[in-house]
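Worksheet: the structure to be examined is printed underneath.
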Amino acid sequence: MSSTEAAKSHSDMFNGNKNIPMPLIGLLIAISLMGLYGVFNIMTKGHAASLGTTKTVPWGLLISTYVFFVVSSTGLCLISSMGHVFKIEKYEVIGKRAIVLAILTILCGFGVIATEIGHPIRMAIYNVISPNLFSAIWWMGTLYGIYLMCIIAEFYFLMTHNHKGGYYAGLAGFIAGISAHSNLGAVFGFLEARPFWHGPYLPIYFILSALISGCALVIIIFNVAYKGEANMPAKAKEALLGIAKIFGLLLGIIIFFDIWKVLTSVYGAPPEKYQTVMAMISGPLSVNFWFFEILLGMLIPFCIILATKGRSIKAALVASCSAVVGIFFMRYDLVVAGQLFPMREATAGSRVQGVVEGLAVYTPSASEITIVAGAIVLCAGLYLAAERFLNLTED
Amino acid sequence: MSNKKYAIILDDTLCIDCKACTVACKCENHVPAGFYEYRNWVGEVENKKAVFPNISRKFRPSQCQQCDNPPCVHVCPTRASYQTEDGVVLVDYHKCILCKYCMTACPYDARYENTDIHAIDKCTFCYHRLAEGREPACVETCPPKVRKFVDLMDADGEGNKILQTTQTEVQKPEKGTNPKLFYIK
Ligand code: SF4
Ligand code: SF4
Ligand code: SF4
């Protein structure tokens with residue numbers, strides 16, 4: 001790069017999008033402070049008294065939200081790699097926006113999980129000095145750390161118009177992202193104790209659902225950046241229409257995945273899987289499952305894309321918003337459902353905590369809800385700030 | 001390699017549900033008072049042999065199964081959960097980050113979060129007593145002597161004799177954890 005080009009790239013780096021109103025950014029960041037309520041509770045009263053999790057359901061809303069954030073991050077990274085890693089020219093425009101949101105979502109995910117882990121500082125130390133290479137959580141954490149470094153480098157190279165650097169960092173991020181994310185699936189998939197999670201399904205399913213989240217979020221942020229389709233440059237429109245079609249296809253595939261997951265869990269009533277899936281179909285998780293996961297997360301967006309043949313950006317935006325809400329609940333259902341069947345029968349004297357009619361009960365606490373809502377709003381606020389202060393438009 | 005492999009053999013038909021083992025364990029191991037903070041328990045089980053009018057009740061005392069192939073140890077990211085050479089699964093409290101992965105991995109719901117030490121805790125086979133040649137507290141205290149603490153490496157020992165001459169079962173054998181808590185059938 002010549003010195004004049006370098007000077008140019010640095011001068012336009014902070015040439016942000018003035019359409020984004022400052023008060024909105026301030027408002028979102030102010031609202032996100034509600035998360036401090038939960039953090040304060042945890043710090044003063046401890047985890048056990050602040051979280052809704054129990055001995056029977058040790059992982060709750062904070063874990064599922066962490067999963068939601070990192071699914072989003074990986075998805076954004078994978079989708080954006082179509083442009084500057086796999087060189088499909090039409091998708092190059094999505095690079096910076098997708099990667100900046102990928103960075104913010106994973107940071108918010110890390111923030112949420114830091115409130116859930118009992119000893120986050122101890123974690124940072126012992127992950128390094130006493131690693132267990134057989135632990136999927138160790139791999140997941142380590143690979144996500146590497147992934148974060150890669151996408152930060154990738155973003156820097158994209159911002160400074162260093163295409164070669166962007167390519168290599170993007171490729172590294174792509175590989176680290178796929179590895180980390182399938183490992184996250186393995187965190188659940190390795191657990192022989194939990195038949196609903198156990199097996200190779202989850203690592204594969206996680207990658208698929210990450211791609212769906214990635215498509216939906218790209219469609220949403222482009223609409224936010226340009227305040228709708230009307231002001232969108234032709235290149236951005238073309239990219240979004242392509243993504244909308246991929247989005248529709250992936251939704252079709254995940255519906256297919258889900259149908260077989262449910263059928264194999266019901267057919268012949270395999271122990272534990274059956275009770276778990278029935279908890280989703282007609283038990284305590286049924287509203288989450290039918291309304292949020294199936295209807296908002298899959299059927300509505302799939303039908304919208306199908307009906308418009310992926311040719312309408314407005315329709316794709318509605319489909320994307322619906323899918324993102326649905327996917328949030330999908331994560332929750334996945335994490336909570338896997339723990340509903342207790343590991344011991346809750347008979348008299350067994351002291352199995354919180355089991356009603358054979359299934360464990362978990363209700364998120366106010367602390368958990370405020371942390372999660374705060375983190376989501378903070379992520380939106382930080383994205384708008386990035387949009388406002390950084391030049392995220394690809395020329 | 002250690003020349004010991006500890007196990008407990010239980011004859012739960014003798015159990016009278018007095019819960020002395022749960023009290024002994026709490027006192028011996030400074031387990032916090034909370035109802036859901038415990039290392040062992042006595043759960044009622046369905047007594048298939050009891051048919052009216054010959055009714056009776058059956059109780060099954062239990063604790064960590066001290067799995068020979070322990071999933072809790074495999075999953076622990078910081079090696080806080082580990083297995084000693086003599087096969088006892090322990091937690092190094094200083095290394096536990098409270099990720100609770102071991103709790104989701106244990107097929108027996110044998111672990112709990114100890115709110116005093118802010119770490120995961122579970123039955124240790126009273127490891128501190130073994131060095132002194134004493135039996136675990138729950139074994140020692142039981143009035144009808146439900147539990148027998150044995151060493152499986154002792155070929156002619158009581159443990160192997162019982163296992164060879166009596167029908168026993170372990171809990172959830174299908175999970176492949178190879179528990180070292182044996183129940184006389
Ligand atoms: S019973 Fe649970 S806690 Fe005990 S060794 Fe087995 S898996 Fe670990
Ligand atoms: S909660 Fe503690 S003992 Fe359990 S897996 Fe995590 S670090 Fe290991
Ligand atoms: S062996 Fe010791 S720690 Fe384990 S249940 Fe018995 S008394 Fe408690």
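Just so we're on the same page: letters track the sequence lines, and every chain starts at 1. The model shown is predicted, which means the values in this text are computed figures rather than measured ones. As a basis for the values below, the full set of heavy atoms in this structure was taken, side chains included, without hydrogen atoms, waters or symmetry mates.
If you measure heavy-atom distances from Thr115(B) to chain A, the contacts under 4.5 Å come from the side chain alone. For Val352(A), the parts sitting under 4.5 Å from any heavy atom of chain B are the backbone and the side chain alike. Contacts of Arg111(B) with chain A are made by backbone atoms alone, with heavy-atom separations under 4.5 Å and no side-chain atom involved. Heavy atoms closer than 4.5 Å to chain B are found in both the backbone and the side chain of Ile137(A). Both the backbone and the side chain of Val187(A) come within less than 4.5 Å of a heavy atom in chain B. Only the backbone of Ala186(A) comes within less than 4.5 Å of a heavy atom in chain B; its side chain stays farther off. The contact between His118(B) and chain A is made by backbone and side chain atoms together, counting heavy-atom distances below 4.5 Å. In this structure, chain B has a heavy atom under 4.5 Å from the side chain of Thr53(A), while its backbone stays farther away. When heavy atoms are compared at a cutoff of 4.5 Å, Glu192(A) approaches chain B by way of both its backbone and its side chain. Only the backbone of Val42(B) comes within contact range of chain A, with heavy atoms under 4.5 Å apart. Within the 4.5 angstrom heavy-atom criterion, only backbone atoms of Tyr108(B) (N, CA, C, O) approach chain A. Looking at Thr22(B), the atoms closer than 4.5 Å to chain A (heavy atoms on both sides) all sit in the side chain, from C-beta outward. Proximity to chain A (any heavy atom under 4.5 Å) is shown, for Asn114(B), by neither the backbone nor the side chain.
The shortest distance between side-chain heavy atoms of Leu191(A) and Tyr101(B) falls below 4.5 Å. Looking at Phe190(A) and His74(B), their side chains never come closer than 4.5 Å, going by heavy atoms from C-beta outward. Proximity of Glu113(B) to His47(A): side-chain heavy atoms (C-beta onward) are separated by under 4.5 Å at one or more points. Taking the side chain as every heavy atom from C-beta outward, Ile117(A) and Leu98(B) never approach each other to under 4.5 Å. With contacts defined as side-chain heavy-atom distances shorter than 4.5 Å, the pair Tyr36(B)/Thr54(A) does not qualify.
Counted within 6.0 Å of CD on Glu169(B), heavy atoms from surrounding residues, nucleotides or ligands total more than 12; the atom is thus considered enclosed. Summarising the local packing, CD of Glu357(A) is surrounded by 12 or fewer heavy atoms from other residues, nucleotides or ligands at distances under 6.0 Å. In this structure, Trp139(A) places its CH2 atom where only 12 or fewer heavy-atom neighbours from other residues, nucleotides or ligands lie under 6.0 Å away. Annotation: Ile55(B), atom CD1; neighbour count of heavy atoms from other residues, nucleotides and ligands within 6.0 Å does not exceed 12. Crowding of Phe40(A) atom CZ: a count of heavy atoms from other residues, nucleotides or ligands under 6.0 Å not exceeding 12. Counting non-hydrogen atoms of neighbouring residues, nucleotides and ligands closer than 6.0 angstrom, the NE2 atom of His128(B) exceeds 12 such neighbours. No more than 12 heavy atoms of other residues, nucleotides or ligands shown are found within 6.0 angstrom of CD1 on Ile121(A). When the shell of 6.0 Å around NZ of Lys175(B) is examined, it contains more than 12 heavy atoms from other residues, nucleotides or ligands.
Ranked by non-hydrogen atom pairs under 4.5 Å with chain B, the options Arg194(A), Glu116(A), Lys55(A), Met140(A) are led by Lys55(A). Contact count against chain A (heavy-atom pairs under 4.5 Å) is highest for Pro107(B) among Pro107(B), Gly34(B), Cys106(B). Comparing Gly43(B), Pro71(B), Pro77(B) by heavy-atom pairs within less than 4.5 Å of chain A, the highest count is held by Pro77(B).
Considering CD of Gln171(B) and CE of Met343(A), their distance stands at 13.0 Å, rounded to 0.5 Å. A distance of 13.5 Å separates CD of Gln353(A) from OH of Tyr112(B), quoted to the nearest 0.5 Å. Taking NE2 of His94(B) as the start and OH of Tyr126(A) as the end, the distance is 7.5 Å to the nearest 0.5 Å. Summarising the geometry, atom SG belonging to Cys99(B) is positioned 12.0 Å from atom CZ belonging to Arg122(A); distances are rounded to the nearest 0.5 Å.
Looking at Asn132(A), its side chain does come within 3.5 Å of a backbone N or O of Val73(B) through a donor-acceptor pair. Between the side chain of Thr347(A) and the backbone N or O of Val45(B) there is no donor-acceptor pair closer than 3.5 Å. For the pair Tyr38(B) (side chain) and Arg351(A) (backbone), a donor-acceptor distance under 3.5 Å is present.
Closest approach of Pro131(A) to Arg79(B), counting heavy atoms only: O-NE, 2.9 Å. Closest of all the heavy-atom pairs between Ser130(A) and Lys95(B) is OG-NZ, 3.3 Å. Taking every heavy atom of both residues into account, Ala193(A) and Ala105(B) meet most closely at CB-O, 3.3 Å.
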